[in-house]
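The structure appears below as structure tokens.
The analysis underlying the following values was restricted to heavy atoms, covering all of them including side chains, and did not include hydrogens, waters or symmetry mates.
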Amino acid sequence: QVQLVESGGGLVQAGGSLRLSCAASGRTFSAYVMGWFRQAPGKEREFVSTITSSGSITNYADSVKGRFTISRDNAKNAVYLQMNSLKPEDTAVYYCAASKFYGHNPAAYASWGQGTQVTVSS
């Protein structure tokens with residue numbers, strides 16, 4: 001498995017931007033599909049975005065499409081989530097996760113980071 005550590009969360013005003021980073025340990029990072037998920041208080045964890053191992057295919061939840069961009073740097077064992085035009089409803093703890101399988105289901109992701117808080121004020 002791969003160990004994951006997120007960073008880059010914080011407090012931002014609506015309309016602002018944040019860039020989340022996820023650092024991975026392990027020599028096989030490039031073999032994993034990577035995903036970003038989020039969980040708001042009282043809500044279930046939800047899919048945000050995913051990227052294939054090579055970075056050639058990405059997918060987004062409808063709620064973030066056109067505002068968020070996922071990317072990865074396999075040489076640096078890192079995956080990123082650029083978040084623009086943030087809205088108060090984007091407030092959540094954001095998690096990165098690794099999987100051997102491409103998909104939106106959190107159950108398919110075996111490794112998870114500890115999460116980073118993103119708070120968007122109105």
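- Contact check for Gln82 versus Phe68: no side-chain heavy atoms found under the 4.5 Å cut-off.
- Among all heavy-atom pairs drawn from Ala98 and Tyr32, the shortest one is CB-CD2, 3.8 Å.
- Proximity of Val118 to Met83: side-chain heavy atoms (C-beta onward) are separated by under 4.5 Å at one or more points.
- Residues Tyr109 and Thr50 bring a donor and an acceptor atom of their side chains to less than 3.5 Å of each other.
- Annotation: cation-pi geometry not satisfied between Arg72 and Tyr80 (NZ/CZ under 6.0 angstrom from ring centroid, within 45° of ring axis).
- Within the 4.5 Å cutoff, the side chain of Trp36 has no heavy atoms near those of the Ile51 side chain.
- Ser30 approaches Ser53 most closely through the heavy-atom pair O-CB, 3.1 Å.
- Side-chain contact between Leu18 and Leu86 is present, with at least one heavy-atom pair separated by less than 4.5 Å.
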Would you tabulate the side-chain donor-acceptor contacts of residues 1-11 under 3.5 Å, counting partners in other chains and residues two or more places apart, or write 'none'?
residue, atom, partner, partner atom, Å
Gln3, OE1, Ser25, OG, 3.0
Glu6, OE1, Gln114, N, 3.0
Glu6, OE1, Gly115, N, 2.9
Glu6, OE2, Cys96, N, 2.8
Glu6, OE2, Gly115, N, 3.3

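- Relative to the ring axis of Phe47, Arg38 does not place its NZ or CZ within 45° and under 6.0 Å from the centre.
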Would you please test Gln117 and Thr91 for side chain to side chain contact (heavy atoms under 4.5 Å, CB included) and show each step? CA-CA 8 Å; Gln117 176 70 47; Thr91 295; 4.0 Å; yes
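- The backbone N or O of Ala108 lies less than 3.5 Å from a partner atom in the side chain of Ser99, making a donor-acceptor pair.
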Let me see the working for Thr116 and Leu20 under side chain to side chain contact (heavy atoms under 4.5 Å, CB included), right down to the final yes or no. CA-CA 8 Å; Thr116 186; Leu20 304 183; 4.0 Å; yes
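- Summarising the geometry of Pro88 relative to Ala14, their closest heavy-atom pair is CD-CB, 4.1 Å, with the distance given to 0.1 Å.
- When all heavy atoms of Val64 and Val48 are compared, the closest pair comes out as CG2-O, 3.6 Å.
- At least one side-chain heavy atom of Val79 sits less than 4.5 Å from a side-chain heavy atom of Ile70.
- Atoms CG and CZ, from Asn105 and Arg45 in turn, are 12.0 Å apart once rounded to the nearest 0.5 Å.
- Screening residues 49-64 for salt bridge (Lys or Arg N to Asp or Glu O under 4.0 Å) gives Asp62-Lys65 as the qualifying pairs, with residues at least two apart or on separate chains.
- A 6.0 Å sphere centred on NZ of Lys76 holds no more than 12 heavy atoms belonging to other residues, nucleotides or ligands.
- Two residues are said to be in side-chain contact when any heavy atoms from C-beta on lie closer than 4.5 Å; Val12 and Ser121 fail this criterion.
- No side-chain heavy atom of Arg67 sits under 4.5 Å from any side-chain heavy atom of Tyr60.
- Contacts classified as side chain to side chain donor-acceptor pair (under 3.5 Å) and involving residues 13-22 (residues at least two apart or in different chains) are given here: Ser17-Asn84.
- Among all heavy-atom pairs drawn from Tyr102 and Asn59, the shortest one is OH-CB, 3.2 Å.
- The aromatic ring centres of Trp112 and Phe37 sit less than 6.0 Å apart.
- Between the OG atom of Ser111 and the CE atom of Met34 there is a distance of 8.0 Å, given to the nearest 0.5 Å.
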